[in-house]
Amino acid sequence: MNEGTQEKLKILADAAKYDVSCASSGSKRKNKGGLGNSDGMGICHSYTEDGRCVSLLKILLTNHCIFDCAYCVSRKSNDIKRAAFTVKEVVDLTINFYRRNYIEGLFLSSGIFKNADYTMERLVRIAKELRTIHKFNGYIHLKAIPGASDELIREAGMYADRLSVNMELPSEPSLKKLAPEKNYQEIYKPMSSLRHAIIEHKEEKKKSRKAPLFAPAGQSTQMIIGATPEHDLHILSLADSLYKQQQLRRVYYSGYVPVLSDSRLPSISHPPLLRENRLYQADWLLRFYGFTVNELVDEANPDLPFDVDPKLGYALRYRHLFPVDINRAEKEMLLRIPGVGVKSVRLILQSRRFGKVTYDHLRKMGLALNRAKYFISCPGNPFSVMGEHTENRLKRMILSDTTSRLHKSSQLNLFASPALT
Amino acid sequence: MISYIYDGSFEGFLTLVFEAYERKAYPETIMIKGKVQPLLFGEPVEVFTDESKSSRVWRGLIKKVSHGNARKLYRAFLSEQSGVEMLLFRLISDVFDRNNTKLDDFRQAEILELHRLDKMIGREVHRMHAFVRFRKSKDGLYFALIEPDFNVIPLIGSHFKKRYTDQPWLILDIRRNYGIHYDLKEMKEVRIIERSRGLRELYHSTPEGIEESDDGYQELWRTYFNSVNIPERKNLKLHLQHVPVRYWKYLPEKHNTSK
């Protein structure tokens with residue numbers, strides 16, 4: 001490796017870092033005498049000083065771009081150093097980083113040079129070379145470039161574990177304003193095509209175990225939060241439809257980092273990290289806790305609260321559903337108790353088959369009782385005060401229990417487990 | 001009630017269980033040879049590891065508890081926490097004497113403790129999957145040093161074997177002076193006979209034995225690591241939570257220049 005590669009890596013990793021996805025999980029690729037595997041569990045090999053996981057070699061093939069999107073560092077009119085990797089450089093970096101256990105695989109994206117097909121063709125070629133010539137079975141995430149031909153998009157699925165087309169912004173008018181060359185139709189086209197292909201291959205796989213893999217870790221997307229005026233209600237509804245209709249595996253929310261000044265962009269001094277965190281929390285509730293969007297935000301409250309997490313916010317508004325009986329309630333309802341997660345619910349469900357679970361048991365199991373205690377009933381719970389308090393009174397009581405801790409840490413625990421799908 | 005001494009191996013511990021039942025003398029304390037505390041009364045009984053006895057106990061366990069729970073008991077043993085042998089003895093005798101085989105009534109303090117140890121060791125295994133960093137030697141061996149909090153070498157080999165089948169590799173736990181070596185055919189346990197301090201220096205230096213390009217890739221990795229950081233989002237507290245300082249020793253990205 002020469003100094004040229006060093007310099008390119010610096011530029012093209014820096015340009016790729018605003019794509020927040022770094023997941024390496026959810027795939028299944030066995031190692032048959034070659035290099036590497038992917039067994040479903042993601043691994044974060046390191047963490048940057050901003051606390052985000054480093055799981056994949058995340059780079060752009062080039063930061064040359066014919067587009068001029070206002071929010072993007074690589075936009076045509078931005079005066080920055082430009083560089084481009086050769087196919088061999090990307091392959092060598094991936095293989096050699098992987099062999100040293102630095103990474104789980106490659107996340108390859110690119111600026112658009114010449115046109116969409118030309119760009120997509122090169123991304124596919126790198127993935128193909130890694131899989132066929134180097135027998136690489138590690139994780140590969142490729143960008144699906146909007147506007148590229150359907151054949152190329154589908155060929156990408158033959159080699160990649162995951163593909164992603166970024167929504168970029170949460171609404172089409174915002175996209176029109178900040179990225180005049182892009183539109184939703186071109187974004188949805190490759191997404192839908194991939195969805196069909198993924199479903200087809202899943203059917204094939206059911207019939208024959210020898211059927212080839214096709215993007216086994218599915219699709220993801222990303223949108224920038226805080227650069228445009230959409231409410232959380234709008235953002236979460238969009239995400240929900242992407243999960244349900246497009247069957248995406250992950251939607252990422254990227255708090256807008258003010259790296260460029262443009263009259264079309266808001267002037268903010270810090271990225272909206274708290275809002276981003278609340279959206280991820282809400283996203284988790286949609287995917288793993290059985291919540292619907294309208295239970296978290298509605299027309300009357302179109303944004304997630306800042307002072308409490310979305311689940312606590314829900315419980316405060318839906319007080320009539322509480323307290324939940326720890327020893328009798330269905331799993332679905334246990335999952336709705338603030339301060340109780342999926343793992344705690346499992347412990348409760350397994351234990352209560354043997355006898356009554358008491359407040360003391362819950363404390364030892366490590367539940368966040370400072371929040372949960374007001375919303376549960378079980379033997380020994382001295383806090384069954386639910387009906388007697390208004391929303392605000394209850395909120396104040398809980399916050400006075402927890403805020404001292406919250407205020408001490410000025411930053412929030414973002415991306416707590418980003419290697420998960 | 002009796003005090004037992006064994007050699008610190010899992011087979012040794014299972015032999016101890018066998019002998020305690022044979023003698024009908026349940027342990028009061030269990031100690032590892034070489035780390036014996038003076039006793040107030042009487043002499044401790046030394047147990048000599050016996051393959052046939054230990055495997056009889058293990059087979060008996062497997063018959064009674066699920067595979068997952070048997071594995072949990074073994075993993076908890078590897079946590080090396082003080083008192084873990086007594087915890088496991090009580091759980092195992094509960095299985096044999098009272099047929100309490102489910103091990104998932106987490107209202108019971110001992111079962112919850114087993115669960116806690118299992119989670120703890122699971123985290124360390126995951127960290128080793130993540131933080132092992134191979135260097136490449138001139139003769140093509142990829143080697144790494146680790147100093148895990150718990151004895152996880154027996155638990156991490158299969159992951160690396162599945163992943164790196166076409167390169168020979170060696171992972172050494174220099175705190176416990178042993179490791180695993182894969183030679184393209186099979187995986188074997190190896191012991192370190194020499195002092196481990198020399199090994200640590202060897203790993204960090206650029207001696208004869210290291211392939212030239214290896215330093216190049218370490219440097220490229222550092223460049224990459226620094227370039228993906230977003231300074232506007234800096235959050236050192238979170239960073240340290242994920243990569244505690246004690247693991248930095250063998251992470252090239254946490255060392256500014258190659259020596």
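Numbers restart at 1 for each chain; the letters A, B, ... are given by sequence-line order, proteins then strands.
Across every non-hydrogen atom of A/His45 and B/Ala130, the tightest pair is ND1-O, 2.9 Å. Among all heavy-atom pairs drawn from B/Arg107 and A/Phe354, the shortest one is NH2-O, 3.2 Å. In terms of heavy-atom proximity, A/Ala13 sits nearest to B/Tyr224 at CB-CD1, 3.6 Å. Annotation for A/Arg100 and B/Lys136: closest pair NH2-CB, 3.8 Å, computed over non-hydrogen atoms. In this structure, B/His242 and A/Gly51 approach most closely via the heavy-atom pair CD2-O, 3.9 Å.
In this structure, chain B has a heavy atom under 4.5 Å from the side chain of A/Arg346, while its backbone stays farther away. Interface residue A/His361: only side-chain heavy atoms are found under 4.5 Å from chain B. Looking at A/Lys135, there are no atoms closer than 4.5 Å to chain B (heavy atoms on both sides), in backbone or side chain. Only the side chain of B/Leu112 comes within contact range of chain A, judged by heavy atoms closer than 4.5 Å. For a residue to count as touching a neighbouring chain, one of its non-hydrogen atoms must lie under 4.5 Å from one of that chain's; by this rule B/Asp214 touches chain A with backbone and side chain alike. Proximity to chain A is limited to the side chain of B/Phe160, based on heavy atoms less than 4.5 angstrom apart. Contacts of A/Val54 with chain B are made by side-chain atoms alone, with heavy-atom separations under 4.5 Å and no backbone atom involved.
Looking at heavy atoms from C-beta onward, A/Asp14 lies out of side-chain contact with B/Val228 at the 4.5 angstrom threshold. The shortest distance between side-chain heavy atoms of B/Tyr142 and A/Arg99 falls below 4.5 Å. Residues A/His270 and B/Glu232 fail the side-chain proximity criterion, which asks for heavy atoms closer than 4.5 Å. Within the 4.5 Å cutoff, no side-chain heavy atoms of B/Phe106 are placed close to those of A/Val357. Inter-residue side-chain proximity for B/His159 and A/Ile43 is flagged as met; some heavy-atom pair is nearer than 4.5 Å.
To the nearest 0.5 angstrom, A/Lys8 atom NZ is 12.0 Å from B/Leu220 atom CG. With rounding to the nearest 0.5 Å, the separation of CG in A/Asn137 from OG1 in B/Thr165 is 8.0 Å. Atom CD of B/Gln108 is separated from atom NZ of A/Lys364 by 12.0 Å, given to the nearest 0.5 angstrom.
With A/Arg352 contributing its side chain and B/Asp105 its backbone, the two residues share no donor-acceptor pair below 3.5 Å. The closest donor-acceptor contact from the side chain of B/Ser227 to the backbone of A/Leu12 lies at 3.5 Å or more, if one exists at all. A/Asn31 places a side-chain N or O within 3.5 Å of a backbone atom of B/Arg163 that can act as its donor or acceptor partner. Looking at B/Lys234, its side chain never comes within 3.5 Å of a backbone N or O of A/Asp50 through a donor-acceptor pair. Here the side chain of B/Arg233 pairs no donor or acceptor atom with the backbone of A/Glu49 at under 3.5 angstrom. Checking side-chain atoms of B/His239 against main-chain N and O of A/Thr48 turns up a donor-acceptor pair under 3.5 Å.
Options A/Ile348, A/Asn37, A/Asp360, A/Ile59 differ in how many heavy-atom pairs under 4.5 Å they form with chain B, and the most are formed by A/Asn37. When each of A/Pro271, A/Ser46, A/Ser38 is scored by its heavy-atom pairs under 4.5 Å with chain B, the top score falls to A/Ser46. When B/Ile230, B/Leu236, B/Val243, B/Thr223 are compared by the number of non-hydrogen pairs under 4.5 Å with chain A, B/Ile230 comes out ahead. Among B/Trp169, B/Phe225, B/Phe131, the residue making the largest number of heavy-atom pairs under 4.5 Å with chain A is B/Phe225. Here B/Arg133 is the residue among B/Arg133, B/His115, B/Arg116 with the most heavy-atom pairs under 4.5 Å with chain A. Note on A/Ala16, A/Gly33, A/Ala15, A/Gly34: by heavy-atom pairs under 4.5 Å with chain B, the leading option is A/Gly34.
Residues A/Asn101 and B/Tyr164 bring a donor and an acceptor atom of their side chains to less than 3.5 Å of each other.
The number of heavy-atom neighbours closer than 6.0 Å to NZ of B/Lys254, taken from other residues, nucleotides and ligands shown, is above 12.
Using a 30° and 60° split on the angle between ring planes, A/Phe97 and B/Tyr217 fall in the perpendicular class, above 60°.
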